[in-house]
Amino acid sequence: MPSFGFDNTYARELPGFYAAVQPASAPAPRLLFLNEPLALELGLDPAALREADGADLFAGNVLPDDAQPIAQAYAGHQFGGFSPQLGDGRALLLGEVIDRTGQRRDIAFKGSGRTPFSRGGDGKAAIGPMLREVLIGEAMHALGIPTTRALAVAATGDMVYREIPLPGAVLTRVAASHLRVGTFQFFASRGQLDQLRRLADYTIARHDPELAGASQRELGLLRAVARRQASLIAQWMNVGFIHGVMNTDNMALSGETIDYGPCAFMEAYDPGAVFSSIDHGGRYAYANQPLIARWNLARFAETLLPLMAPADDEAAIQQAVGAVMEVIDAFPSMHAVALLRGQRLKLGLFAATPTDDTVDAALAEDWLGLLHAQAIDFTLAWRLLADAAVGDGAKLQALFADTAPLQAWLARWRERCARDEAAGGPRPTERASRMRQASPWIIPRNHRVEEALNAAMHEGDLVPFERLLAAVRRPFDDDPSLAPFAEPAPPEVTAGFRTFCGT
Ligand code: AMP
Ligand code: MG
């Protein structure tokens with residue numbers, strides 16, 4: 001198999017941080033999905049990848065010459081409880097490529113068989129959850145939200161045994177890196193300071209090279225990760241995305257959305273929305289996500305403390321604790337700033353100044369209050385607000401059973417838009433068109449996703465998947481042919497909707 005132009009810095013620079021493992025062989029590989037735009041971004045030739053052996057390649061039967069497959073070690077807090085050893089139980093990093101923009105990207109398999117980190121698991125994945133990762137990841141990317149992406153999915157021809165036997169698949173994942181909060185926790189919990197220092201060096205070189213050689217670089221790294229997470233979570237919140245399993249091993253230091261498991265997009269606005277079948281306490285509910293991100297960052301900060309102060313220097317430790325606490329305590333306001341920045345674009349406010357912060361935050365909060373009170377579809381409401389910006393509020397009103405509170409809010413909002421225009425903001429038509437760039441029409445609706453995956457899994461029919469994929473890749477387009485994908489699920493479907501980890 002020709003080379004991918006892999007570089008393998010993780011394998012080369014961090015011996016002892018992984019186990020070398022070969023992927024399991026697949027009896028009857030079949031390529032189900034190839035992400036051509038992404039392949040091009042990576043400098044790979046999609047036509048060559050599609051050739052007869054593309055299926056063998058992406059099912060793990062034949063690797064590129066320069067691949068060096070490794071299962072990475074990590075730990076993690078899962079639902080608040082610490083596991084000192086998780087690691088890639090069904091994933092393998094093949095190597096890194098430098099993409100066309102000069103960025104280093106990991107290419108990794110998911111579902112490629114057992115590793116020393118598999119514990120009781122089979123190391124495998126089923127077609128459904130892997131195609132689900134494709135759909136949600138591509139939707140996130142099209143929405144402009146940092147995310148890992150799927151390069152390919154290949155069916156293996158094997159069955160995997162869950163509640164029922166399901167056809168198996170391997171997903172090839174592209175990520176800015178697979179460094180997680182849990183990677184630091186692995187070495188910190190073992191008191192392995194040298195490894196921890198090398199990991200910090202590696203992470204800084206990869207994601208925050210400007211910090212290399214800086215004094216207080218660990219603090220700088222914490223701050224950079226906090227900034228990226230504040231921005232990421234704000235973007236999730238502004239599209240109604242619920243990750244579903246924000247364990248510390250599922251929080252990437254790169255700031256990308258990673259590990260699509262029981263995630264989903266909200267339909268009717270509800271801050272308490274939870275879809276995951278395993279999240280009984282609602283720990284990872286929609287509105288908890290910023291709080292959980294802060295909690296995870298605190299766990300990350302704890303791993304950095306031993307690098308910031310010697311264990312026997314009480315004064316230095318106190319100082320380091322104070323410094324990291326300052327970052328952790330600043331996280332809610334970092335997130336609030338990022339959230340409001342996004343909300344303003346959705347509200348159509350483009351000339352706002354910091355003195356408008358309180359007013360605009362209240363406007364957004366009251367709008368969400370309206371949606372919550374009457375269980376209004378989050379995506380459609382935001383989208384149709386753009387029509388109201390050009391005086392066409394009929395479709396928006398039609399979403400509400402009781403329009404009086406909406407009218408009162410719209411009056412306030414129109415006044416605020418007029419002030420925005422007076423301050424140099426756009427005229428109504430331009431305002432509406434810019435609002436439509438901030439509020440998608442198309443999200444991967446849960447019932448559409450299920451429909452597509454069921455057809456693929458149970459009937460071998462990929463057409464619904466391909467149609468849905470094409471739609472979620474154009475979330476902001478006003479194309480009437482996309483209308484079926486914009487409709488909310490019937491409420492009775494959403495009420496009972498549960499997502500599964502899909503392991
Ligand atoms: P996740 O909840 O998918 O982030 O996974 C949590 C941990 O379970 C990670 O260490 C995974 O590698 C491991 N894991 C998940 N599914 C499997 C599986 N089918 N076989 C082995 N390990 C798994
Ligand atoms: Mg994970």
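In listed order, ligands and their atoms are each counted from 1. One is the number of the first residue; the rest follow in order along the sequence. In what follows, every heavy atom counts, from backbone to side chain, and hydrogens, waters and symmetry copies are set aside.
The ligand atoms of ligand 1 that sit less than 4.0 angstrom from a heavy atom of R162 are 19 (N). Residue Y74 approaches ligand 1 through these ligand atoms, each under 4.0 Å from one of its heavy atoms: 9 (C), 10 (O), 12 (O). The distance from ligand 1 to the heavy atoms of G121 drops below 4.0 Å at these ligand atoms: 20 (N), 21 (C). Taking every non-hydrogen atom of K124 and a distance limit under 4.0 Å, the qualifying atoms of ligand 1 come out as 19 (N). Near N250, with a cut-off below 4.0 Å to any heavy atom, the atoms of ligand 1 are 4 (O). For ligand 1, the atoms closer than 4.0 angstrom to any heavy atom of L86 are 10 (O).
Ring planes of Y10 and Y18: tilted class, angle from 30 to 60°.
Residue R180 is tested with N296, D259, D249, N247 for a side-chain hydrogen bond (donor to acceptor under 3.5 Å, both in side chains); the sole match is D259. Tested against F300, the residues T248, L221, V324 include a single side chain to side chain contact (heavy atoms under 4.5 Å, CB included) partner, L221. Considering D158, N61, T156, V62 in turn, N61 is the only one that fulfils the side chain to side chain contact (heavy atoms under 4.5 Å, CB included) rule with S25.
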**Request:** Please step through side chain to side chain donor-acceptor pair (under 3.5 Å) for the pair R299 and H77, ending with a clear verdict.
**Result:** CA-CA 9 Å; R299 305 290 78 76; H77 278 91; 5.0 Å; no
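Here F117 has no heavy atoms under 4.0 Å from ligand 1, in either its backbone or its side chain. With a 4.0 Å heavy-atom cut-off, ligand 1 is reached by the side chain of D259 but not by its N, CA, C or O. Within the 4.0 Å heavy-atom criterion, both parts of D122, backbone and side chain, lie near ligand 1.
A salt bridge does not link E13 to R198: none of the charged side-chain nitrogens sits closer than 4.0 Å to a carboxylate oxygen.
Among residues at least two apart or in separate chains, side chain to side chain donor-acceptor pair (under 3.5 Å) pairs with a member in residues 450-468 are R448-E451.
The minimum heavy-atom distance between A24 and K124, with the atom names listed, is CB-CE, 4.5 Å.
The shortest distance between side-chain heavy atoms of F241 and Y286 does not fall below 4.5 Å. You'll find the side chain of H207 reaches within 4.5 Å of the side chain of L179, heavy atoms only.
Residue contact annotation: Q78 has a non-hydrogen atom under 4.0 Å from ligand 1. The shortest heavy-atom distance from G123 to ligand 1 is under 4.0 Å.
No close placement of the F109 and F58 rings is indicated, their centers lying 6.0 Å or farther apart.
By the 3.5 Å distance cut-off applied to N or O atoms, G87 is counted among the residues near ligand 1.
Around the Mg ion (ligand 2), protein N, O or S atoms at a distance under 2.8 Å total 2; waters are neither shown nor counted.
For the pair R190 and F186, the cation-pi criterion (under 6.0 Å, within 45° of the ring axis) is fulfilled.
Considering Q72, R119, Q85, R180 only, the shortest heavy-atom separation from atom 7 (C) of ligand 1 involves R119.
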